[in-house]
Amino acid sequence: MSITAIRAATRRTASYCRAGIWLRTSRSCRPRSYHSYDHPAAAGPFGGAEEAILSAAYKHVPEHGFSARALGLGARDAGYLDISPSVLPDGAFNLIRYHLVSQRQRLARTSQDLFNERESIGTVAKVAALTWARLLGNGSIVQHWQEALATMAQPSHIPESMKELAKLSDEIWFLSGDTAVDPSWYSKRATLSMIYTTTELFMTNDKSPDFIETNKFLARRLEEAQSIGGFVSAVGQWTGFTFQAAVNVLRSKGVGI
């Protein structure tokens, strides 16, 4: 079977699952606890030594940021004398990615706490609640997040950063009960990605108590998306914004471009 055919079959399987057509004989359609069907749980995004170092180093991020210093302290805490390049070839970006992945995976458990199955909550309201919950996951490290964004905007890290953003948007819609399999599947995720990135940047400069101004900013962006006919296609706007935001963050950090 060609690669194109395999991809087409995978997408059809995901569509059947999202539409509620459960193929009981297919293992790929079995319910999963923490990930959408397009992004199922794997054996683990990090290797054993990598996981041990990163989980220990993550505790040092609030004080030392996503830095070599945090990684060094984490390696020591995990019982390693030094950090081998073969274990963490991308340096501090591994720590940033650890934050992105762990916060995304936490949303499934958060959704169980937020939503009572007996309550009637609209899909968009769930999207808003989960997006806000994810943003709050940046609360303890927000003082270091602009620097992290600058690292993510480096050419070598952009593909992985954008891939993780796409997974986050898909996860939020999936956990919110989205079952659409029409072209809106793409437009809704692109729009949410744009809203999330703009709000995330706004949050890095928000000094209000409990990030209340960021919460209002997010609400306005979601309302705007609804007022123009729902979550319409915003791929071009999202791409343009993401590039410009990356440029501005890099310039704010004194990186010449």
Side-chain angles (χ1 to χ4, degrees), residues 18 36 38-39 96-97 99-101 103-104 106-107 110-111 122-139 141-142 145-155 157-206 211-253 257:
R18 287 180 178 280
S36 77
D38 282 351
H39 304 298
I96 295 172
R97 181 168 171 260
H99 171 75
L100 296 175
V101 172
Q103 290 297 326
R104 170 171 57 81
R106 185 175 298 175
L107 285 179
T110 299
S111 68
T123 299
V124 175
K126 290 182 178 181
V127 167
L130 286 172
T131 303
W132 178 239
R134 172 59 190 88
L135 287 164
L136 287 179
N138 287 354
I141 52 84
V142 70
W145 198 239
Q146 280 200 11
E147 184 177 354
L149 289 173
T151 300
M152 293 162 64
Q154 294 176 9
H157 300 319
I158 286 177
E160 187 63 35
S161 300
M162 298 294 282
K163 179 180 178 181
E164 186 56 40
L165 176 60
K167 286 183 178 181
L168 173 63
S169 297
D170 183 40
E171 191 79 345
I172 289 174
W173 276 106
F174 176 80
L175 293 173
S176 299
D178 177 48
T179 59
V181 294
D182 54 30
S184 70
W185 190 96
Y186 299 97
S187 62
K188 286 183 293 188
R189 282 152 180 77
T191 303
L192 180 58
S193 294
M194 182 181 70
I195 291 172
Y196 180 83
T197 51
T198 55
T199 309
E200 188 177 54
L201 276 175
F202 182 93
M203 186 177 180
T204 62
N205 292 311
D206 184 7
F211 303 106
I212 188 172
E213 292 302 325
T214 299
N215 189 290
K216 292 178 180 178
F217 182 90
L218 173 63
R220 289 195 298 270
R221 300 292 81 78
L222 291 171
E223 288 174 2
E224 289 168 0
Q226 286 290 95
S227 68
I228 58 176
F231 283 83
V232 298
S233 178
V235 177
Q237 297 177 44
W238 173 41
T239 302
F241 167 78
T242 302
F243 176 77
Q244 189 58 50
V247 170
N248 291 337
V249 170
L250 287 171
R251 285 174 175 168
S252 73
K253 295 300 176 184
I257 54 175

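Being a predicted model, the structure only gives us computed values, none of them experimental. One is the number of the first residue; the rest follow in order along the sequence.
Shortest non-hydrogen contact noted between Ala153 and Ile158 is O-CD1, 3.3 Å. Heavy-atom minimum distance, Val127 versus Leu192: CG1-CD1, 4.0 Å.
Using a 4.0 Å cut-off between charged nitrogen and carboxylate oxygen, Arg104 and Glu164 count as a salt-bridge pair. The pair Arg221-Glu224 meets the salt-bridge criterion, since a charged nitrogen lies less than 4.0 angstrom from a carboxylate oxygen.
Proximity of Leu135 to Phe211: side-chain heavy atoms (C-beta onward) are nowhere separated by under 4.5 Å. At least one side-chain heavy atom of Leu100 sits less than 4.5 Å from a side-chain heavy atom of Arg134. Met203 places none of its side-chain heavy atoms less than 4.5 Å from the side chain of Leu218. At a threshold of 4.5 Å between non-hydrogen side-chain atoms, the residues Leu130 and Trp173 do not count as touching. The shortest distance between side-chain heavy atoms of Leu149 and Met152 falls below 4.5 Å. Between Glu213 and Phe202 the shortest side-chain heavy-atom distance falls below 4.5 Å.
To the nearest 0.5 Å, atom OG1 of residue Thr197 and atom CE of residue Met162 are 8.0 Å apart. Between atom OG1 of residue Thr131 and atom CD of residue Glu200 there is a gap of 11.5 Å, rounded to the nearest 0.5 Å. For the atom pair CH2 of Trp132 and OG1 of Thr199, the computed distance is 9.0 Å after rounding to the nearest 0.5 Å. The line from OG of Ser176 to CD of Glu171 is 10.0 Å long, rounded to the nearest 0.5 Å. The OG1 atom of Thr214 sits 9.0 Å away from atom CG of Leu136, with the distance rounded to the nearest 0.5 Å.
When atom types are taken as modelled, the side chain of Ser169 and the backbone of Ala166 share no donor-acceptor pair closer than 3.5 angstrom. Side chain of Trp145 to backbone of Asn138: no donor-acceptor contact under 3.5 angstrom is found. Panel note: side chain Thr198, backbone Ile195; a donor-acceptor pair is recorded below 3.5 Å.
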- Message: If you apply the rule side chain to side chain contact (heavy atoms under 4.5 Å, CB included), what do you find for Leu222 with Val124, and how did you get there?
- Response: CA-CA 9 Å; Leu222 291 171; Val124 175; 5.6 Å; no
- Task: Could you give me the CA-CA distance, side-chain angles and deciding distance for Ile141 and Gln103, then say whether side chain to side chain contact (heavy atoms under 4.5 Å, CB included) is met?
- Result: CA-CA 12 Å; Ile141 52 84; Gln103 290 297 326; over 6 Å; no
